[in-house]
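Numbered from 1 within each chain, the chains take letters A, B, ... in sequence-line order. What's counted below: heavy atoms across the whole structure, side chains too, no hydrogens, waters or symmetry copies.
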Protein chains: 2
Amino acid sequence: MGRPREFDIDAAVAAATELFIAEGYEGCSMDRIVQATGVHRGSLYAVFGSKRGIFVECLRKVAATSGERKSGERSDLLLIALVELAARDDEVRSICAGTISLWRTDAARELGTRLLARAGLNEGAP
Amino acid sequence: MGRPREFDIDAAVAAATELFIAEGYEGCSMDRIVQATGVHRGSLYAVFGSKRGIFVECLRKVAATSGERKSGERSDLLLIALVELAARDDEVRSICAGTISLWRTDAARELGTRLLARAGLNEGAP
DNA sequence: AAAGTTCTTGACTGACTATTCTAGAACGGT
DNA sequence: ACCGTTCTAGAATAGTCAGTCAAGAACTTT
């Protein structure tokens, strides 16, 4: 049925996830995502619909594999989602809420700890 | 010495602070800041130099009055700073580190708690 | 091999971005 | 009353942003 896709969706999502974690949502452009994934803009839009669509897919992937991940990895993208998107995006907020509710640890402390680590704090002098 | 300033710098900083807290750093444009402060673009640039300059001043103000503020108010802008700026801006990171080091509470938990509250979580169903 | 379908590609668009510039207005000093 | 200085006002600029589109390529089915 038609021309086969030349890129791996999961791989693109993984690459985009790393990018979002490193640069934030508003902080990284579609150009950067195209560059990091190696997938053409048009192809990304055909599959995910929008930049937000890409992010939501990344978030869903992290949520789905949350159990298998270390506490750092599973929190990083949530941080971005909570600070930049959740307040104005019901779906993102809902995914975040669902993910966190599955954690057994203290969510506030885990997120706060990871927040500081990601910012480069709590590992030496100011 | 020259024409007197027609706006109150502290008031502008306070208005900008609220805006940054509500919409994030990348999430709010200079247009929005001009609108919220009621100060002309040129005047803002004359005083603060850049959008980043405005943010840093807001952060400094919060840091300086951190002792007088409730835990929510003093954490909100730090969240934005830590997630969006600190990783790539040494000065911002330094201000954050200095502020947090003065807190007597568990910084990670306080930030995490505020993070969830700001996102609209932990106050009802998902 | 022709038709139909799905994907890729590169160029394009209009809106929005932070920042700058110039002209003029309001002050203090002389 | 003029001069130097500091601020304001509005328009302008160049760059970046997310998103779109038409043309062609790779596949399956008939």
Rounded off to whole Å, could you give me the [atom1]-to-[atom2] distance for the [X] and [N] pair?
{"X": "B:Glu26", "N": "D:dT16", "atom1": "CD", "atom2": "P", "value": "14 Å"}
{"X": "B:Lys51", "N": "D:dT16", "atom1": "NZ", "atom2": "C1'", "value": "13 Å"}
{"X": "B:His40", "N": "D:dG10", "atom1": "NE2", "atom2": "C1'", "value": "6 Å"}
{"X": "B:Arg32", "N": "C:dA18", "atom1": "CZ", "atom2": "C1'", "value": "16 Å"}
{"X": "B:Met1", "N": "C:dG29", "atom1": "CE", "atom2": "C1'", "value": "10 Å"}
{"X": "A:Leu44", "N": "D:dA18", "atom1": "CG", "atom2": "C1'", "value": "12 Å"}
{"X": "B:Ile9", "N": "D:dT6", "atom1": "CD1", "atom2": "C1'", "value": "13 Å"}
{"X": "A:Arg41", "N": "D:dT20", "atom1": "CZ", "atom2": "C1'", "value": "10 Å"}

Both A:Asp31 and A:Gly49 contact DNA chain D. Taking the nearest nucleotide for each, which residue is further toward the 5' end? A:Asp31
Give the nucleotide from the list C:dA26, D:dA18, C:dT8 with an atom nearest to the side chain of B:Pro4. C:dA26
Of the non-hydrogen atoms in B:Ser75 and B:Glu110, which two are nearest, and what is the gap between them? OG-OE2, 2.8 Å
Does the side chain of [X] get closer than 4.0 angstrom to OP1 or OP2 of [N] through an N or O atom?
{"X": "A:Ser29", "N": "D:dT16", "result": "no"}
{"X": "B:Ser43", "N": "D:dT8", "result": "yes"}
{"X": "A:Arg3", "N": "C:dT8", "result": "no"}

Please check if the side chain of A:Ser43 supplies one atom and the backbone of A:Val39 the other of a donor-acceptor pair under 3.5 Å. no
Keeping the roles fixed (side chain from B:Ser94, backbone from B:Asp90), state whether a donor-acceptor pair exists under 3.5 Å. no
Check ion pair B:Glu91-B:Arg52 (N to O, under 4.0 angstrom): yes
Thinking salt bridges, do A:Arg88 and A:Glu26 make one under a 4.0 Å N-O criterion? yes
Taking the nucleotide of DNA chain C with the closest heavy atom to each, which residue, A:Ala46 or B:Tyr45, is nearer the 5' end? A:Ala46
Base, sugar-phosphate, or nothing: which does A:Phe48 touch, judged by heavy atoms less than 4.0 Å apart? nothing
